[in-house]
Novice: 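Dropping a structure here in structure tokens format, bear with me for questions.
Each residue takes its place number in the sequence, starting with 1. Atoms considered below: every heavy atom in the structure, side chains included; atoms not considered: hydrogens, waters and symmetry mates.
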Amino acid sequence: MPTKLHLGLLFAALIILLAFGALQRSIWFDEAITLQTLAAEQFVTGPGGFIMLGDIGRFFEGSTTLSELVRRYAETDVHPPLYFVLVHLAGLVFGGGLMVARCVSIALVALSVWLYWWALGRTGTAHRNVYAAVFALSFAVVSSAQDARGYALVLLCAVAAWSLSALADVARTTPKQLRLEAGVGLSCAALLYTHYFALFIVVPILGWRILRALSDRQMPALIGPVLCGVLFAPWVPVLMEQMTTRPGQMTGFSGIVDWIRGASNLVPAQVFSIAWPDAPELLKARGRDIVLLAMIAGSAICLWTWRRNEASGAFARLALWVPVVGITCFLAASVLMDRWFMTFRYFLFFAPFLSFLAATGVIWAGTAIDRATGGGRAWLRAAPAAVLIAAQVAALNFGWEAIGTRGGNYFLTMRDQIEATGPQDSLVIIDAGDGRGTVLAAAHTLPGATPAYLLDPDPESWTAAAAEISTRAKASSLVLLVYTIERGAMDSDKAALYHPILETLEAEGFTRAAAPPSDRGGRHYAKWVRTDAAE
């Protein structure tokens, strides 16, 4: 059994690991939007054409007021404001900037890991160090700690709502139950004020409280749902307005079979996912399959102990109940809204519960193996859990990318190339799509003296844009084309959109070159140099 000193050292090592990851990665699009909405003056994407990146970079300066920040998220954004309020308050104390915002995420993730470990102890769950380690090293947790976005706060509030609900189920005194039920309501309200998709864990948690009230005649169990409803009610009009204005970023629903296939990849990926670009696809897929099997085994164990009345049983029941009900609601919403919500981030909310199921599965596997071979060998019982934890550590990646098109250090490598060439000899072409994140990310990281051309969202105008770009390209020796998430990569089927610009660059003597740190088919940006400078 690790001593408190050992646990403290392991916890400190986790924080150092998360901080190292945050320091390694350059900004990504949504993080730039986070920083910009915290700034004094709000940026609105203007017409396309030439601009100096420094003219956009000034929109990261200064700090807005708290009331103005809330107004911005009520009127011009599609996210609730709680996480951004926390980052704003941290900025008032420590100053603004990307690393301050990321440190807020690191602190929230670290607190969620500690709360997870504490809740396991309060509920009397055995092997809590294993459970806490699987959760702490899960891909969802580590990637959330590196982002200046609200997912880290979602994880903390989810663990709080889960543990308080489990403890409320077995509370022995009325005053204690009242406090715990109120805590459930507060945690669920905080979840909704952090991210709207947290509704898919709020519904099963509060639904469980309502079932408890109806089946066991425990009327205090209604405190959580009522309190959450009262606290979130003032924001409901904003939510309804934003639901009608959010751009349709997801394609139509493609069918139950495809949805199940996608979910079977994204569910285990919350716990284990290899982000190395060069890792074999077979290794990635089989790793997720094994973790999914562990989750299924863990689910069976939770079902087997469904009738247990102690706190550990309540904790385990909710670990299964929340993802089953929540993911079913997710599927129903996808069908009804005809949207393909098959995105890693939208399953991240279930990460604490899925980590518990996976850990339960590997702990059971170790016990079964030990019994089948005669029993009495502690190292054999611990082997499956140790293998999972070691695999999670080995899968961590702080280099090229951390999650899909987000993360990585591609903006940092662009900055290095521009500085080596000289900002005045460089040209950045930015395809921002219908958003502003790509423009802001480039302006935040790249030298302010770099000239940039902002493409109009409509590709039909790019023939005329190519003629304008031609003039500036004559005086440049380096051209970088930065993509939006929606548009895709240079080697995708959408590359034909850029044909007029490519013809212009070729006519001006440019040749496409590999885009460091490693050429991934121009997924994030593409690079051109003059023919006599190409390798």
Novice: Between Glu310 (side chain) and Gly124 (backbone), is there a donor-acceptor pair under 3.5 Å?
Specialist: no

Novice: Could Arg209 and Asp169 be called an ion pair, given the rule that one side-chain N must be under 4.0 Å from one carboxylate O?
Specialist: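 Yes, charged N to carboxylate O under 4.0 Å.
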
Novice: Just by distance, do the side chain of Thr65 and the backbone of Glu68 share a donor-acceptor pair under 3.5 Å?
Specialist: yes

Novice: Once side chain to side chain donor-acceptor pair (under 3.5 Å) is applied, do any residues pair with Thr34, and if so which ones, sequence neighbours excluded?
Specialist: Arg149

Novice: Applying side chain to side chain donor-acceptor pair (under 3.5 Å), name anything that partners Ser299, two or more places apart in sequence or on another chain.
Specialist: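 In terms of side chain to side chain donor-acceptor pair (under 3.5 Å), with neighbours along the sequence ignored, Ser299 is linked to no residue.
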
Novice: Look up atom NZ in Lys284 and atom CZ in Phe272, then write down how far apart they are to the nearest 0.5 Å.
Specialist: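 That separation rounds to 10.5 Å.
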
Novice: So does Trp117 get a backbone contact from the side chain of Arg128, meaning a donor-acceptor N/O pair under 3.5 Å?
Specialist: yes

Novice: Counting only heavy atoms not in Trp259, do more than 12 sit closer than 6.0 Å to its CH2 atom?
Specialist: yes

Novice: So Glu31 and Arg102, do their side chains get closer than 4.5 Å, heavy atoms only?
Specialist: yes

Novice: Would Phe344 and Phe139 count as a ring-ring contact (aromatic ring centres under 6.0 Å, His included) here? Give the steps.
Specialist: CA-CA 10 Å; Phe344 177 89; Phe139 187 69; 5.4 Å; yes

Novice: What about the rings of Phe11 and Trp114, do their centers lie closer together than 6.0 Å?
Specialist: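 That pair fails the under 6.0 Å test.
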
Novice: Considering only heavy atoms from C-beta outward, does the side chain of Arg72 approach that of Gln42 to under 4.5 Å?
Specialist: yes

Novice: Taking the side chain from Gln242 and the backbone from Asp77, do they hold a donor-acceptor pair closer than 3.5 Å?
Specialist: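 Yes.
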
Novice: Give me the atom names and distance for the closest heavy-atom approach of Arg212 to Ala221.
Specialist: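 Closest pair (atom of Arg212, atom of Ala221, distance): CB-CB, 4.2 Å.
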
Novice: Quick check: closest heavy atoms across Ile27 and Ala441, and the distance to 0.1 Å?
Specialist: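 Reported closest heavy-atom pair: CG2-O, 3.8 Å.
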
Novice: Counting C-beta onward and ignoring hydrogens, is there a side-chain heavy-atom pair between Trp28 and Tyr410 closer than 4.5 Å?
Specialist: yes

Novice: Are any of the side-chain heavy atoms of Gln36 and Ile33 separated by less than 4.5 Å?
Specialist: no

Novice: Find out whether Phe253 and Met337 are in side-chain contact, i.e. whether some heavy atom of one side chain is under 4.5 Å from a heavy atom of the other.
Specialist: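 They are not in side-chain contact.
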
Novice: Is the closest side-chain heavy-atom distance between Trp208 and Trp162 below 4.5 Å?
Specialist: no

Novice: Any chance you could lay out the side-chain contact (heavy atoms from CB on, under 4.5 Å) test for Val267 and Ile327, step after step, and finish with the verdict?
Specialist: CA-CA 10 Å; Val267 165; Ile327 293 175; 4.0 Å; yes

Novice: Measure the acute angle between the ring planes of Tyr151 and His195, then classify it against the limits of 30° and 60° as parallel, tilted or perpendicular.
Specialist: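 The arrangement is tilted - the two ring planes meet at 30° to 60°.
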
Novice: Keeping Arg339 on the side-chain end and Ser334 on the backbone end, is there a donor-acceptor pair under 3.5 Å?
Specialist: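 Not a single qualifying donor-acceptor pair exists.
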
Novice: Decide ring-ring contact (aromatic ring centres under 6.0 Å, His included) for Phe356 and Tyr116; before the verdict, give the C-alpha distance in whole Å, the side-chain angles of both, and the deciding distance to 0.1 Å.
Specialist: CA-CA 10 Å; Phe356 184 93; Tyr116 198 89; 7.3 Å; no

Novice: Quick check against the 3.5 Å criterion: does Arg25 have a side-chain atom that pairs as donor or acceptor with the backbone of Gln146?
Specialist: yes

Novice: Run the side-chain contact (heavy atoms from CB on, under 4.5 Å) check on Val184 and Ser187 step by step: do they pass?
Specialist: CA-CA 5 Å; Val184 173; Ser187 300; 5.9 Å; no

Novice: Can you tell me how far apart OG1 (Thr360) and CD1 (Ile296) are? Round to the nearest 0.5 Å.
Specialist: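 That separation rounds to 14.0 Å.
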
Novice: Can you name the closest pair of heavy atoms from Leu35 and Gly97 and give their distance?
Specialist: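 Smallest interatomic distance, heavy atoms only, reads CD2-O, 3.7 Å.
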
Novice: I need the minimum non-hydrogen distance between Ala101 and Val87, along with the two atoms involved.
Specialist: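 Shortest heavy-atom contact: CB-CG1, 3.8 Å.
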
Novice: Between OG of Ser63 and CG of Leu38, what distance do you get to the nearest 0.5 Å?
Specialist: 7.0 Å

Novice: Mind listing the closest non-hydrogen atom pair of Val159 and Ser112 along with its distance?
Specialist: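 So the two residues come closest at CG1-O, 4.2 Å.
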
Novice: Test your reading of the model: is there a side-chain donor-acceptor pair from Ser163 to the backbone of Ala160, 3.5 Å cut-off?
Specialist: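 Between the backbone of Ala160 and the side chain of Ser163 there is a qualifying donor-acceptor contact (under 3.5 Å).
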
Novice: Please check: side-chain N/O of Trp321 versus main-chain N/O of Pro204, any donor-acceptor pairing under 3.5 Å?
Specialist: yes

Novice: How far apart are the C-alpha atoms of Leu137 and Val141, what are their side-chain angles, what is the distance that settles it, and do they pass the side-chain contact (heavy atoms from CB on, under 4.5 Å) test?
Specialist: CA-CA 7 Å; Leu137 295 170; Val141 167; over 6 Å; no

Novice: Kindly compute the distance separating OG (Ser165) from CG (Leu318), expressed to the nearest 0.5 Å.
Specialist: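 Reported to 0.5 Å precision, the distance equals 4.5 Å.
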
Novice: If you take all heavy atoms of Gly224 and Leu206, which pair is closest and at what distance?
Specialist: C-CD2, 4.0 Å

Novice: Could you tell me whether the side chain of Gln392 and the main chain of Val271 form a donor-acceptor pair under 3.5 Å?
Specialist: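 Such a contact is found between Gln392 side chain and Val271 backbone.
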
Novice: Does the ring center of Tyr73 lie less than 6.0 Å from the ring center of Phe84?
Specialist: yes

Novice: Knowing that exactly one of Ile201, Leu231, Ile205 qualifies, which makes a side-chain contact (heavy atoms from CB on, under 4.5 Å) with Cys188?
Specialist: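 With Cys188 as partner, Ile201, Leu231, Ile205 yield a single side-chain contact (heavy atoms from CB on, under 4.5 Å), made by Ile205.
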
Novice: What distance separates Leu227 CG from Leu222 CG, expressed to the nearest 0.5 Å?
Specialist: 12.0 Å

Novice: Checking side-chain polar atoms at under 3.5 Å, does Tyr131 have a donor or acceptor matched by the opposite partner on Thr125?
Specialist: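 On atom types as modelled, these side chains do not qualify, holding no pair under 3.5 Å.
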
Novice: Pick one: which of Phe341, Phe330, Phe347 meets ring-ring contact (aromatic ring centres under 6.0 Å, His included) with Phe200?
Specialist: Phe330

Novice: Check whether any side-chain heavy atom of Leu17 sits under 4.5 Å from a side-chain heavy atom of Leu396, and report yes or no.
Specialist: yes

Novice: Quick one: does Trp235's side chain get under 4.5 Å of Pro81's, heavy atoms only?
Specialist: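 Yes, their side chains come closer than 4.5 Å.
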
Novice: Donor-acceptor pair, distance only, cut-off 3.5 Å: does the side chain of Ser105 make one with the backbone of Asp147?
Specialist: yes

Novice: Measuring from atom CG of Leu18 to atom SG of Cys103, what distance do you get when rounded to the nearest 0.5 angstrom?
Specialist: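 Rounded to the nearest 0.5 Å, the CG-SG separation comes out at 10.5 Å.
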
Novice: Apply side-chain contact (heavy atoms from CB on, under 4.5 Å) to residues Val170 and Thr123 and explain how you reach the verdict.
Specialist: CA-CA 9 Å; Val170 295; Thr123 56; over 6 Å; no

Novice: Walk me through it: do Phe232 and Tyr193 pass the test ring-ring contact (aromatic ring centres under 6.0 Å, His included)?
Specialist: CA-CA 7 Å; Phe232 191 67; Tyr193 273 113; 5.0 Å; yes

Novice: We want to know whether Ser355 and Gln270 form a side-chain donor-acceptor pair, criterion being a heavy-atom distance below 3.5 angstrom.
Specialist: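 Short answer, no.
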
Novice: Can you tell me which residue among Leu348, Leu108, Val113, Leu111 is in a side-chain contact (heavy atoms from CB on, under 4.5 Å) with Leu155?
Specialist: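 For Leu155, the side-chain contact (heavy atoms from CB on, under 4.5 Å) test succeeds with only one of Leu348, Leu108, Val113, Leu111, which is Leu348.
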
